[in-house]
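Inspection log for the structure reproduced underneath, given as structure tokens.
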Amino acid sequence: MSESIPFTRPTLDEQTIADVAEVLRSGWITSGPKVRAFEAALSEYFGGRRVRAFNSGTATLEVALAMLGIGAGAEVITTPLTWVATANVIVRAGARPVFVDVDPRTRNIDVERIAAAVTPATRAILPVDLAGLPVDRDRLYALAAGHGLRVVEDAAQSMGASWNGRRLGSFGDYVSFSFHANKNMTTAEGGCLVLPADADAALCERMRLQGVARDADGGMDVDVFGGKFNLTDLAAAIGLNQLRHIDAFNARRRELARRYLDQLAEAAPRLGLELPPGDFSQSNWHMFQVCLPLDRLTLTRGDFIRAMAAEGIAVGVHYPALHLFTAYRALGFVPGSFPHAERIGREIVTLPMFPALREDQVDRVCHTMIDILTRHRA
Ligand SMILES: *Cc1c(COP(=O)(O)O)cnc(C)c1O
């Protein structure tokens with residue numbers, strides 16, 4: 001049996017292990033000097049903007065919505081084709097998610113269709129750069145300005161990606177990143193929030209930790225109901241190392257994506273396999289995803305995933321259209337509302353993609369997939 005290939009795997013070096021060990025020995029393992037150093041390094045990475053670190057990407061989204069005062073009666077426009085966290089935070093804030101179907105080519109929210117979804121209750125747009133492919137920021141911000149809407153960018157998957165030569169996070173309104181273990185850079189669990197100029201950074205810090213403000217005499221006050229969202233110094237030590245490598249990691253992912261597209265170029269049209277757009281300047285290639293031509297195959301997506309697994313290749317699904325989950329149907333969402341997201345959600349699979357993946361492994365993934373699809377043509 002040939003070696004097995006995971007669909008993702010973090011790249012962690014000996015320096016990271018040594019730095020985490022140093023934090024463990026220091027006697028201060030939760031939020032402290034490493035978090036402050038990590039925030040300073042992130043701020044530099046994002047062109048000097050103010051950045052606060054959190055214990056998850058989800059937490060940054062919750063805090064951004066809270067800072068904007070988004071709650072009961074508000075609507076937030078987002079995509080139905082994303083990790084469910086994107087929409088869960090809207091519901092948990094007490095607001096209503098309003099979904100707009102995706103552009104089938106980019107698989108991202110179709111910016112052209114957003115205006116039709118705006119109502120007097122709309123407060124914000126929450127776009128997602130699926131797989132690291134950026135949503136068109138020019139059209140997005142023109143639209144937001146035109147309707148007086150705030151933007152909370154869910155850039156969980158697009159750390160290090162750019163739009164028109166500008167790094168995501170270095171411009172825009174609230175910008176949220178995740179450092180979950182599967183993202184392009186990780187702190188095991190974690191995230192950061194880039195704040196717009198009009199945001200109150202001190203309020204952001206109180207929202208992050210129980211609303212507590214301390215005074216110089218050792219006393220404290222609580223003026224908001226904050227949560228428990230602070231990052232640990234252990235995690236920040238990992239993050240400081242990851243941040244040094246993020247651009248190299250992403251460059252490697254771009255090479256691998258190019259290899260995938262080259263290897264699949266001939267077979268894709270013949271088999272009806274839908275490839276992602278070949279963006280090698282802006283995307284960070286968080287994932288390499290294809291849509292299976294299920295109506296031309298005698299196997300299901302589950303059968304395909306099992307057939308790949310039998311060859312030692314892990315394949316993921318990111319994501320089913322989320323408005324069809326039980327909890328969302330209970331809010332009144334029904335099948336047929338967002339046909340592109342629903343079709344892509346049924347057909348999409350994520351192939352292995354991570355910096356340590358080798359060219360010969362990409363070739364093996366492609367040959368194995370082409371072979372399985374060819375043998376199961378209807
Ligand atoms: C990973 C992810 C999140 C949440 O990040 P966590 O760090 O896991 O909380 C939110 N949105 C999208 C699109 C993600 O991929």
Side-chain angles (χ1 to χ4, degrees), residues 7-10 35 38 42 51-66 76-93 97 99-100 102 106-109 124-135 140 151-161 168-169 172 174-194 207-208 227-232 234-236 238-239 242-243 246 250 253 276 283-289 316-323 325 328 341 344-345 348 350 353-354:
F7 84 84
T8 189
R9 183 186 162 83
V35 167
F38 186 40
L42 286 166
V51 186
R52 292 296 178 267
F54 285 76
N55 60 7
S56 76
T58 305
T60 67
L61 295 171
E62 294 202 356
V63 167
L65 294 180
V76 178
I77 294 175
T78 191
T79 169
L81 193 67
T82 176
W83 174 230
V84 69
T86 310
N88 279 355
V89 296
I90 300 169
V91 179
R92 289 173 59 81
F99 299 111
V100 167
V102 299
T106 63
R107 303 165 184 163
N108 282 331
I109 192 167
I125 308 172
L126 217 175
V128 176
D129 307 308
L130 190 71
L133 182 71
V135 168
L140 176 75
V151 176
V152 178
E153 298 183 25
D154 182 349
Q157 304 188 358
S158 45
M159 181 69 182
L168 300 190
Y174 284 86
V175 190
S176 154
F177 294 93
S178 166
F179 304 138
H180 175 264
N182 288 351
K183 300 304 201 293
N184 288 31
M185 77 165 252
T186 185
T187 58
E189 299 284 357
C192 74
L193 183 62
V194 183
M207 295 300 303
R208 180 171 64 177
K228 172 62 182 176
F229 301 135
N230 56 303
L231 192 72
T232 69
L234 290 168
I238 302 174
Q242 291 275 295
L243 188 60
I246 181 67
N250 288 343
R253 285 171 178 270
S283 175
N284 70 356
W285 288 97
H286 170 58
M287 295 188 281
F288 188 92
Q289 300 178 291
V317 172
H318 306 91
Y319 301 93
L322 72 87
H323 65 287
F325 290 147
Y328 284 85
I344 294 168
I348 203 161
T350 306
M353 170 60 87
F354 51 95

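Start at 1 with the first residue, then count along the sequence. Counting starts at 1 for both ligands and their atoms, following the listed order.
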- Task: For Thr86, take its heavy atoms, then give the atoms of ligand 1 lying under 4.0 Å from any of them.
- Result: 11 (N), 13 (C)
- Note on the structure: of all protein heavy atoms, closest to atom 5 (O) of ligand 1 is Ser178 OG, 3.2 Å
- Message: Measuring from non-hydrogen atoms of Gly190 to any atom of ligand 1, is the shortest distance under 4.0 Å?
- Response: yes
- May I ask you to list the atoms of ligand 1 that are less than 4.0 angstrom from any heavy atom of Gly57? 5 (O), 6 (P), 7 (O), 9 (O)
- Query: Does any N or O in the side chain of Tyr319 come within less than 3.5 Å of the main-chain N or O of Ile348, such that one atom is a donor and the other an acceptor?
  - Reply: no
- Note on the structure: Contact region, Ala156 to ligand 1, non-hydrogen atoms below 4.0 Å, reads side chain
- Could you tell me whether a side-chain N or O of Thr186 sits under 3.5 Å from a main-chain N or O of Phe179, the two making a donor and an acceptor? yes
- Answer yes or no: is there a side-chain heavy-atom contact under 4.5 Å between Thr78 and Phe99? yes
- Message: Taking the side chain as everything from C-beta on, heavy atoms only, tell me whether Phe177 gets closer than 4.5 Å to Val194.
- Response: yes
- Message: Side chains of Met287 and His318, heavy atoms from C-beta outward: is any pair under 4.5 Å?
- Response: yes
- Identify, for atom 11 (N) of ligand 1, the protein heavy atom at the shortest distance, and state residue, atom and that distance. Asp154 OD2, 2.7 Å
- Task: Please confirm whether Gln157 comes within less than 3.5 Å of ligand 1 when only nitrogen or oxygen atoms on both sides are compared.
- Result: yes
- Message: Would Leu61 count as being in polar contact with ligand 1, using the rule that some N or O on each side must be under 3.5 angstrom apart?
- Response: no
- Query: Between Val128 and ligand 1, which residue portion shows a heavy-atom distance shorter than 4.0 Å: side chain, backbone, both, or neither?
  - Reply: side chain
- Message: With a 4.5 Å cut-off on side-chain heavy atoms, are Trp83 and Asp154 touching?
- Response: no
- atom 3 (C) of ligand 1 [closest protein heavy-atom partner, distance rounded to 0.1 Å]: Trp83 CD1, 3.5 Å
- Message: Any nitrogen or oxygen of Thr82, side chain or backbone, less than 3.5 Å from one on ligand 1?
- Response: no
- Message: Using a 4.0 Å heavy-atom cut-off, which part of Lys183 comes near ligand 1: side chain, backbone, both, or neither?
- Response: side chain
- Nearest protein heavy-atom contact for atom 9 (O) of ligand 1: which residue, which atom, what distance? Thr58 OG1, 2.5 Å
- Item | Sidechain-backbone polar pair: Asn108 side chain, Leu130 backbone, donor-acceptor under 3.5 Å | yes
- Task: Return yes if some donor-acceptor pair links the side-chain N/O of Arg208 with the main-chain N/O of Ala59 below 3.5 Å, else return no.
- Result: no
- Does Asn284 use its side chain to pair, donor to acceptor, with the backbone of Gln157 at less than 3.5 Å? yes
